[in-house]
Amino acid sequence: MKVEKSNMTHQSNKHFNTYKEGLDLEVLRRYCVEHGEVRTFLRGETLENVGE
């Protein structure tokens, strides 16, 4: 019995996330730079605990 390899697992990733190339995120980047905040955390400190 001959087993053929799936082409899906052996294709290159050249088209992976190509949709990002057409997005213009400059407006969001500028907003984040102008309105963002720098936050620091101590080692072991968490931002949010989910599911407790």
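- Sorted by first then second residue, the ring-ring contact (aromatic ring centres under 6.0 Å, His included) pairs that include residues 22-49, not counting sequence neighbours, are Y31-H35.
- Y19 and V27 end up in different hydrophobic clusters when Ile, Leu, Val, Met, Phe, Trp and Tyr side chains are linked at under 4.5 Å.
- Under a hydrophobic clustering in which Ile, Leu, Val, Met, Phe, Trp and Tyr are joined whenever their side-chain heavy atoms come within less than 4.5 Å, directly or via other members, L25 and V33 fall into different clusters.
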